[in-house]
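Chain letters run A, B, ... following the sequence lines, proteins first and then strands; every chain starts at 1.
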Amino acid sequence: MLIQSQSHTLRPLTTAHLAQTMTLLGLTVIELRQKIEGELASNPALELVESRRCPTCHRPLPGNSPCPLCSRPQRLSPDQPIVFLSPREDFHPYHHDISSEELPDDNFAPEIEDLPHYVLHQVAVELQPEDRPLAAHILTSLDEDGLLSVPLSEISIYHHVPLQRVEKVLRMIQHAEPVGVGSPTPQDALLVQLEVLSESRSIPPLAIQAIKQGMSLLSRHRYEELGNILGISSLQAKEISQFIINNLNPFPARTHWGEVHQKASSPLDTYHFPDLIISRLTNDEDSPLVVEIAMPLFGVLRVNPLFREALRQAPADKSDQWRSDLEKAELFVKCIQQRNNTIVRLAHRLAVLQRDFILEGDAYLMPITRARLSKELGVHESTISRAVSDKAVQLPNGKIVPMAMFFDRSLRIRTALKQIINQATTTLSDSDIAELLAKQGYPVARRTVAKYRAMEGILPAHLRQHFLPN
DNA sequence: CTATGGCACGGATT
DNA sequence: AATCCGTGCCATAG
């Protein structure tokens, strides 16, 4: 049998090994955690050793390696990302301490008043004095997403006023910034935002229906079924969905206040826990990237040495069972290592290739294919596919995006297209846009422009109207 | 007649 | 082998 040939690439030795590694590769952190917990529970030969922590930064360390950040020599090259496994005990997105200092917009008001006051000041002018307590009640009952957490009827009863009056006040609040705040459900928030948006620009006609009838399908990206309900094709459904994602936000408090045209980071997706967390080591322009690969458990998995020992004196009737447990455990540990190894190398390569995209944004995305990467890393194409699909990455700016975005061939062109339309003084037809794109080095067919436009939720030229921002 | 959406085909990707 | 994506052609709306 062939022994590993390449430098530090762990090679699968058996088909079972291969199969299991493949399966593991395809799993998200959260899925992997369940898988590992299952194995741990069913196989006594496996054990979980708790992670050590770095004495300096208190970060949990994978295995016996020194802390990849603190024990790093001073030789820092921007081209060399620091990639490491990061055992986690929590499953909330988190920011590296250093990068969290960097805030995206500078014109942010230094004295930030809290959301309830911010909204109250806006509605105060048109609010009847006697309705003030109602507004206050509503605004103090918001959850952290800006949604109303108590039923309206409760407020109505509490203040001994008719329900319509409460509704009237709520309507006022919902129309304040951030638009939709105070809505009882994400659905209501979207509807209000849509209504407000429709005053300044045209909107897809079926968007309202989509939100009203297909909310659950919408949030699960079930375009085909959504299309069926609305009596349109799944492509159209997708377009509408895209429009909603791009222009509306189901959780009003989660965006920054002020801007009307939110580029919300696809809010319907953000609850995913990222598998990769990318930040920058320092705020310098040439700082290396730090890539943490989320490990699902706070510890390191290994074969229990005591179990190995015990096997020697195993009672005859248990011997076979134990032996098989041990083998399974060894295989499992090896597969996990293999998975980690592949992901580390993949992440490293991606961080090198897509550095500009990670730091500067969509316009700098390199067009790369999974096939190319698989050659560079010396693995099968399907390996890359598995490793990428369904995974989420948190970028230094805090946005969580699907890992597949690193391989999106059209994203670059789509952002160029958006820029063209935003900067255009006249209303451009699709063919006009196609020409302009070609001049920028993106030769695309007119028909393709239409599709990209639709993907971005931008309406056709004759329905488009231009408004100056604010 | 022009601009755009639907459908389907072929090649690339997974 | 199945799926996705860009594109051409045609129908339709304005």
Next on the checklist: Closest approach to the side chain of Thr369(A), judged atom by atom: which nucleotide of dG6(C), dT13(B), dG8(C) is it?
Outcome noted: dT13(B)
Item to check | Derivation and outcome, side-chain hydrogen bond (donor to acceptor under 3.5 Å, both in side chains), residues Gln337(A) and Asn341(A) | outcome: CA-CA 6 Å; Gln337(A) 283 171 359; Asn341(A) 183 277; over 6 Å; no
Next on the checklist: Measure CG/Leu411(A) against C1'/dG6(C) and give the value in whole Å, please.
Outcome noted: 16 Å
Checklist entry - Between Asp432(A) and Ala371(A), which is nearer to the 5' end of DNA chain B once each is assigned its nearest nucleotide? => result Asp432(A)
Item to check | Atom-pair distance (CG on Asp430(A); P on dA13(C)), nearest Å | outcome: 18 Å
Next on the checklist: Need to verify one output field. Residue with the more 5' nearest nucleotide on DNA chain B, Arg447(A) or Arg409(A)?
Outcome noted: Arg447(A)
Checklist entry - From dC5(C), dG6(C), dT4(B), pick the nucleotide closest to the side chain of Arg453(A)? => result dT4(B)
Item to check | Whole-Å distance separating the CG atom of Leu437(A) from the C1' atom of dT7(C) | outcome: 15 Å
Next on the checklist: Walk me through whether Arg453(A) and Asp430(A) qualify under salt bridge (Lys or Arg N to Asp or Glu O under 4.0 Å).
Outcome noted: CA-CA 9 Å; Arg453(A) 192 171 45 66; Asp430(A) 284 351; 2.8 Å; yes
Checklist entry - Between Arg308(A) and Glu330(A), is the closest basic N to carboxylate O distance under 4.0 Å? => result yes
Checklist entry - Between dA1(C) atom C1' and His380(A) atom NE2, what is the distance in whole Å? => result 13 Å
Item to check | Nearest-angstrom distance from the residue atom CZ of Arg386(A) to C1' of dA2(C) | outcome: 14 Å
Checklist entry - dG6(C) C1' sits how many Å from Arg414(A) CZ, rounded? => result 13 Å
Checklist entry - Should we count CZ of Phe307(A) as having more than 12 external heavy atoms under 6.0 Å? => result yes
Item to check | Interatomic distance where CG belongs to Asp408(A) and C1' belongs to dG6(C) [whole Å] | outcome: 13 Å
Checklist entry - Heavy-atom distance under 4.5 Å between the side chains of Leu373(A) and Leu353(A), does that happen here? => result yes
Item to check | Touch class at under 4.0 angstrom, heavy-atom based, for Ser382(A) against every strand present | outcome: nothing
Item to check | Whole-Å gap separating P (dT4(B)) and CD1 (Ile458(A)) | outcome: 12 Å
Checklist outcome for this item: Testing dG6(C), dA3(B), dC9(C) for proximity to the side chain of Ser429(A), the answer is dA3(B)
Next on the checklist: If the cut-off is 4.0 Å, is Tyr452(A) near the phosphate of dG6(C), judged by side-chain N/O to OP1 or OP2?
Outcome noted: yes
Next on the checklist: Looking at the base of dG8(C), is there any donor atom on it, or on the side chain of Arg446(A), that sits under 3.5 Å from an acceptor on the other one?
Outcome noted: no
Checklist outcome for this item: Of dG6(C), dC5(C), dT7(C), the nucleotide closest to the side chain of Ser410(A) is dG6(C)
